[in-house]
Amino acid sequence: MASWAALSPSIVEYFEGEDFYRCGYCKNESGSRSNDEPMEPSVEDAVSSDFGLINKLDIHCDLKTFNDDLKKSLESEERKKAKREESNEITRSQDVEEKLGSGEPSCSVKVHTAPQPGRGADLSKPPCRKAKEIRKERKRLKLMQQDPAGEREGFQAQCQPSSLLPPKTKSNQPKSLEDLIFESLPENASHKLEVRLVPVSFEDPEFKSSFSQSFSLYVKYQMAIHQDPPDECGKTEFTRFLCSSPLETENSPNGPDCGYGSFHQQYWLDGKIIAVGVIDILPFCVSSVYLYYDPDYSFLSLGVYSALREIAFTRQLHEKTPQLSYYHMGFYIHSCPKMKYKGQYRPSDLLCPETYVWVPIEQCLPSLEKSKYCRFNQDPEAVDEGRSKEPDRLQVFYKKAIMPYGVYKKQQRDPSEEAAVLQYARLVGQACSERMLLFRN
């Protein structure tokens, strides 16, 4: 047996039984229920990438765990940029060929043509000059009158060959996600947007001071968007749903500056909260839990903006903490219009419900078009490598002591308890069953 003081793992209480729990998205009596209440993921779950193992649902519901790979995203962005530059070069080359074929002069190719017959230039008039050259000449004369010495230096610099001048930056290049998201606004901007990351804790002064406004926004959102009745949007329900987290704040020397745990990312516009994104910052990922916003600002597409903002934030954290390289968007329901937007963010993966490996969403969509439930892993021989193989090694927390299930079951005489423990082991897998503690009383 191990001493309780020697370890600090998560303690899990499993509620077994045949009660069904309706899915909040499908709203279907016959096909939207899970056989077991999904457990909340803990920090320990995320460390070993077993996040998806604890969400094993009934096959009638097409919930799929969704993941956005930041490493692939960064590589994809570089490939797209290179491809755009290559495409631009090809397009320019094609333009030149077309212009040459049509006889139209090109800016990058000198086309020499025979002079047209005529009387020639009128020598009594000054030679024609381009408007750009005339403007330059006027500017040069004006500068010479103001500062003759300084103007001459500037004029000499302008007359240098283009090869000696520093290359100009391409202004038509598309901006990165970070450039768009974190672009600073001018001081005289009409509106001011501020994004605050607030720990979910009533001991935090910022969370506590903004709780009332955040709660009022939640009620307004639930009633307008989800048509929830007022009695289902109380302060107790809000606190249990989005303010009571199983995660404890943890600060690691190699982790992000904000630490690990649950946070509310508040979007303040002109001193007023218009949206709140609830996220969990874990060692390997940022998990998007929920978003509620002011319906009066629906025209801003706050759901899309908050997702892009969270992806950019995750990429920021990735620079400081390299192992934090994924953005989890939760469940994906292909047949639910409210959830299909998640498939627009690429590159993204879905978790195979049988082998628990991540599969690119492009490979999954054809199967989802045919059936709500499908196996994404194309290898028919593949199995869940993390399945429970040795249930006796499952860790149990009993009478303030930690012990393997093989030791614990020798003290028990209730045969029905073994079935519940084995069901729990099948759901969480071998790694989680040895790392988490199953509470027994």
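By the 30° and 60° cut-offs, the orientation of the rings of Tyr14 relative to Tyr424 is tilted. Relative orientation of the Phe439 and Phe397 rings is tilted, given thresholds of 30° and 60° on the angle between their planes. Aromatic ring orientation, Phe238 versus Tyr292: perpendicular (interplanar angle above 60°, classes split at 30° and 60°).
A pairwise comparison of heavy atoms in Trp268 and Ser210 identifies CZ2-CB, 4.2 Å as the closest pair. The two residues Leu308 and Leu177 come nearest to each other via the heavy atoms O-CD2, 3.9 Å. When all heavy atoms are compared, the tightest approach of Cys285 to His328 is SG-CD2, 3.0 Å. Contact detail for Pro295 and Ala224: the closest heavy-atom pair is CG-CB, 3.6 Å. Smallest separation of non-hydrogen atoms from Gln222 and Cys233: CB-SG, 3.7 Å. Contact detail for Ile274 and Leu217: the closest heavy-atom pair is C-CD2, 3.8 Å.
A distance of 6.0 Å separates OG of Ser214 from CD of Gln266, quoted to the nearest 0.5 Å. A distance of 4.5 Å separates CG of Leu437 from CD1 of Ile402, quoted to the nearest 0.5 Å. Taking CE from Met339 and CZ from Phe331, the interatomic distance works out to 8.0 Å, rounded to the nearest 0.5 Å. A distance of 9.5 Å separates OH in Tyr218 from SG in Cys243, rounded to the nearest 0.5 Å. The CZ atom of Phe211 lies 9.0 Å from the NE2 atom of His264; values are rounded to the nearest 0.5 Å. For the atom pair OG of Ser433 and NZ of Lys389, the computed distance is 11.5 Å after rounding to the nearest 0.5 Å.
Not a single donor-acceptor pair under 3.5 Å links the side chain of Asp228 to the backbone N or O of Met223. Listed for the Thr321 side chain is no donor-acceptor partner under 3.5 Å among the backbone atoms of Gln323. Although no hydrogens or angles enter the test, the distance criterion places a donor-acceptor pair under 3.5 Å between the side chain of Glu237 and the main chain of Gly234. Remark: the backbone N or O of Met329 is paired with a side-chain donor or acceptor of Lys342 at under 3.5 angstrom. Between the side chain of Ser10 and the backbone N or O of Met436 there is no donor-acceptor pair closer than 3.5 Å. Distance alone, capped at 3.5 Å, places no donor-acceptor pair between the Lys409 side chain and the Glu417 backbone.
Contact check for Leu368 versus Phe376: side-chain heavy atoms found under the 4.5 Å cut-off. The shortest side-chain heavy-atom distance between Arg387 and Gln430 does not fall under the 4.5 Å cut-off. In this structure, the side chains of Ile281 and Leu324 come closer than 4.5 Å at one or more pairs of heavy atoms. Arg309 has its side chain out of reach of Ile311: every pair of non-hydrogen atoms, C-beta onward, lies at least 4.5 Å apart. The shortest distance between side-chain heavy atoms of Lys220 and Asp296 falls below 4.5 Å. The shortest distance between side-chain heavy atoms of Tyr221 and His226 falls below 4.5 Å. Under the 4.5 Å side-chain criterion, counting only non-hydrogen atoms from C-beta, Leu282 is in contact with Leu247. The shortest side-chain heavy-atom distance between Pro404 and Gln395 falls under the 4.5 Å cut-off.
Judged purely by distance below 3.5 Å, without hydrogens or angles, the side chains of Asp384 and Thr355 never pair a donor atom with an acceptor atom. A donor and an acceptor atom, one from each side chain of Glu390 and Tyr405, are nowhere located under 3.5 Å apart.
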Determine, stepwise, if the pair Val359 / Gln378 fulfils side-chain contact (heavy atoms from CB on, under 4.5 Å). CA-CA 10 Å; Val359 181; Gln378 300 301 314; over 6 Å; no
For Arg346 and Glu362: C-alpha separation, side-chain torsions, deciding distance, then whether side-chain contact (heavy atoms from CB on, under 4.5 Å) applies. CA-CA 9 Å; Arg346 306 292 176 88; Glu362 294 87 349; 3.1 Å; yes
- request: Decide side-chain contact (heavy atoms from CB on, under 4.5 Å) for Asn377 and Tyr356; before the verdict, give the C-alpha distance in whole Å, the side-chain angles of both, and the deciding distance to 0.1 Å.
  value: CA-CA 9 Å; Asn377 194 328; Tyr356 298 95; over 6 Å; no
| request: For side-chain contact (heavy atoms from CB on, under 4.5 Å), just list the numbers for Lys372 and Ser335, CA-CA rounded to whole Å, side-chain angles, deciding distance to a tenth of an Å, and then say yes or no. | output: CA-CA 8 Å; Lys372 286 186 175 182; Ser335 60; 4.2 Å; yes
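Residues Tyr345 and Tyr327 keep their aromatic ring centres 6.0 Å or farther apart.
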Compile the donor-acceptor pairs under 3.5 Å between side chains in residues 196-208 and protein atoms, sequence neighbours left out, one pair per line.
| from | atom 1 | to | atom 2 | distance (Å) |
| --- | --- | --- | --- | --- |
| Arg196 | NE | Glu194 | OE2 | 3.3 |
| Arg196 | NH2 | Glu194 | OE1 | 3.3 |
| Ser201 | OG | Glu203 | N | 3.2 |
| Asp204 | OD2 | Glu206 | N | 3.1 |
| Asp204 | OD2 | Phe207 | N | 2.9 |

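For Lys320, the NZ atom counts as densely surrounded, since its 6.0 Å shell holds more than 12 non-hydrogen atoms of other residues, nucleotides or ligands.
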